[in-house]
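Below is one structure, written out as C-alpha cells; the observations come after it.
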Amino acid sequence: MPELAEVEYVARQLRAETRGRRIVAAHVYWARSIQGIAPDAFEAGVVGRVITEVGRRAKYLLVTLQAEQREQAPASAHEDTGDARADDPDTRILIIHRRMSGNVLLAKPDEIADGVTAFDPYTRVDFALDDGRHLVYSDPRKFGRLALVAPDALPDFFAAIGPEPLDDAFTAARLGRRLASHNGAIKAVLLDQSVVAGLGNIYADEALYRARIHPLRHANTLTETELQALRDAIRSVLETGIVNGGVTFGRHRGIYNEAGANLAHLEVYRHTGQPCLRCGAPIQRIVVVGRGTHFCPACQL
DNA sequence: CTATAAACCTGCTGGC
DNA sequence: TGCCAGCAGGTTTATA
C-alpha cells in the first residue's frame, strides 16, 4: 500500500508535529510487529527518548530518538565534533515499514482508549508522547515491522536498497546502468527495491504509462530517450503523489487518519477498460510477477 | 542468476 | 440478503 510517496508524506507530517516530543510510555500489542529485538526491550529502548528528526529511506520511515541531555557527559577520549552521531550511544533510530496495511497515526488523548484509537481498532504499537498525544502504529494485516537500531547500523540495514529516485544523483544515465544488468520485464525490475528505491505497484504502472513504455519490455533494451522519459516520469509521479497526500483506495492514511487525494491523479492504475487519456484505446490489465499491471496497449511500446 | 511460489495476515469485493 | 472464493498497494524466504 504505502510506497515512497505515501511514506514521504507521512514523514513530513510527523516531522512537523512530533519533533521535540518525548516518548513517555510505549506498549507493544502485537509482538511480531517488532523486528530484531524483544518487545519489552523495544519498549524500554524508546521510553524517555526525544524525537529529534523524522526522515525516510525508500519505503522506510526513520524516526531519530535521542536520550535527554545529561548534565555531565562521561569522560571521553575522542573529541566531540558535534557532527556524526554514528557512534552516539544515546541515539537510536526507530525504523517503520508499513508494508501492505500499516498506518502511523497521531491521536489525541480523547481518541485513545485502552491502546486503541477511536477511529481505528488495529493498534499494534502505541507510543504515548509528553504532550498527551499518542503515536499509534495501526496495521490490520500485521505485515508491517518496527525496528530500533543504533545509527551506525543503518548502512547495513539499507545495504541492499537502490538509489533514491528523488535525489539529484538519480539521472537517466544512472538508471540505465542499473537496468543494464536486468533482462526481465521492466515492470518487475522497477518493483525490485535494489534497483530503484521506493516504487511499488501503483507508481510503477503510472511511471511506465507516462513514459510510454510497455511493462513487458526487457529492462536492458530501453533507449536513451526512453531512459530519460522513464527517469522523469518516476520523479513526476512520485512528486505528484507526495503533494496530494498519497493514494487512498484502501488503507493508506495521513497521521490524522485522513485519506490521501492522489487517487484522482492516477492516469492508468486500476483504469482497466477505460479509455486511454492519450489515445482513447481501452486500458488493459495483465499480471506481471503476480501483480496487477495496467497499461495502454496502443501507446505504450 | 532469474523466476515463480509460498508465506506472513485480515478486510473487502464480486459473483452466485 | 448471505456466503465464500479470490484478491489486495510489500517483502522475505524457499524452491526450481
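Throughout, protein chains are lettered first and strands after them, A, B, ... in sequence-line order, and every chain is numbered starting at 1. Since we're looking at a predicted model, the values are computed, not measured.
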ask   = Which part of the nucleic acid, if any, lies within reach of A:Arg251 when heavy atoms closer than 4.0 Å are counted: base, sugar-phosphate only, or nothing?
value = base
key: Neighbour count above 12 (heavy atom, 6.0 Å) for A:His218 NE2   = no
inquiry  = Could you work out, with side-chain hydrogen bond (donor to acceptor under 3.5 Å, both in side chains) as the rule, every residue matching A:Thr272, not counting sequence neighbours?
reply    = none
request  = For A:Arg98, enumerate each residue passing the side-chain hydrogen bond (donor to acceptor under 3.5 Å, both in side chains) test, keeping only those at least two apart in sequence or located in another chain.
outcome  = A:Asn103, A:His252
When you compare the protein's N or O atoms with those of nucleotides 3-6 of chain B, which come within less than 3.5 Å of each other, and at what distance?
none

query = Looking only at atom P, what distance separates C:dC7 and B:dA6, rounded to whole Å?
reply = 13 Å
Contact pattern, 5' to 3', of nucleotides 10-16 of chain C - B, S or - by protein heavy atom under 4.0 Å = BS-----
inquiry  = Under 4.0 Å, heavy atoms only, any strand: does A:Ser181 hit a base, just the sugar-phosphate, or nothing?
reply    = sugar-phosphate
note = By side-chain hydrogen bond (donor to acceptor under 3.5 Å, both in side chains), A:Tyr29 pairs with (sequence neighbours left out) none
inquiry  = Among residues at least two apart in sequence or on other chains, which ones pass side chain to side chain contact (heavy atoms under 4.5 Å, CB included) with A:His97?
reply    = A:Lys59, A:Tyr60, A:Arg99
inquiry  = I'd like the P distance from C:dA8 over to B:dA5, given in whole Å.
reply    = 14 Å
request  = For A:Ala44, check side chain to side chain contact (heavy atoms under 4.5 Å, CB included) against everything at least two apart and list the hits.
outcome  = none
note = Contacts of A:Asp167 meeting side chain to side chain contact (heavy atoms under 4.5 Å, CB included) (sequence neighbours excluded), chain-then-number -> A:Glu164
inquiry  = Would A:Arg235 pass as a cation-pi partner of A:Phe170, given that its NZ or CZ must be under 6.0 Å from the six-membered ring centre and within 45 degrees of the axis?
reply    = no
message = Check whether A:Tyr209 forms a cation-pi arrangement with A:Arg278 (NZ or CZ under 6.0 Å from the six-membered ring centre, at most 45° off the ring normal).
response = yes
remark   = Rounded to whole Å, the CZ-C1' distance (A:Arg285 to B:dG14) equals 13 Å
task = Kindly say if A:Tyr122 contacts the phosphate of B:dC9, meaning a side-chain N or O under 4.0 Å from OP1 or OP2.
result = no
query = According to a 4.5 Å side-chain heavy-atom criterion applied to Ile, Leu, Val, Met, Phe, Trp and Tyr, with indirect links allowed, do A:Ile255 and A:Tyr137 form part of one hydrophobic cluster?
reply = yes
Name of the residue among A:His294, A:Glu3, A:Lys187 meeting side-chain hydrogen bond (donor to acceptor under 3.5 Å, both in side chains) with A:Asn201 = A:Lys187
inquiry  = From CD of A:Glu6 over to C1' of C:dG9, roughly how many Å is that when rounded to an integer?
reply    = 8 Å
ask   = Can you check the A:Leu179 CG to B:dC1 P distance for me, whole Å?
value = 18 Å
query = Given pairs defined as Watson-Crick or G-U wobble with both distances under 3.5 Å, what dot-bracket annotation applies to DNA chain B, with ( ) intrastrand, [ ] crossing, | other strand and . unpaired?
reply = .|||||||.|||||||
inquiry  = Using the side-chain hydrogen bond (donor to acceptor under 3.5 Å, both in side chains) criterion, which residues pair with A:Asp131? Sequence neighbours excluded.
reply    = A:Arg133
Short side-chain to backbone donor-acceptor contact, A:His134 and A:Val136, under 3.5 Å = no
Rounded distance in Å - CZ (A:Phe249) to P (C:dA8) = 9 Å
query = Under a 4.0 Å heavy-atom cut-off, which of residues 269-277 of chain A touch DNA chain C?
reply = A:Tyr269, A:Arg270
query = Taking only residues at least two apart or on different chains, which pairs with a member in residues 111-123 of chain A satisfy side-chain hydrogen bond (donor to acceptor under 3.5 Å, both in side chains)?
reply = A:Asp120-A:Ser138
key: Interatomic distance, A:Asp139 CG vs B:dC8 C1' [rounded to whole Å]   = 11 Å
request  = For B:dG11 versus C:dT12, give the span between their P atoms, rounded off to a whole number of Å.
outcome  = 24 Å
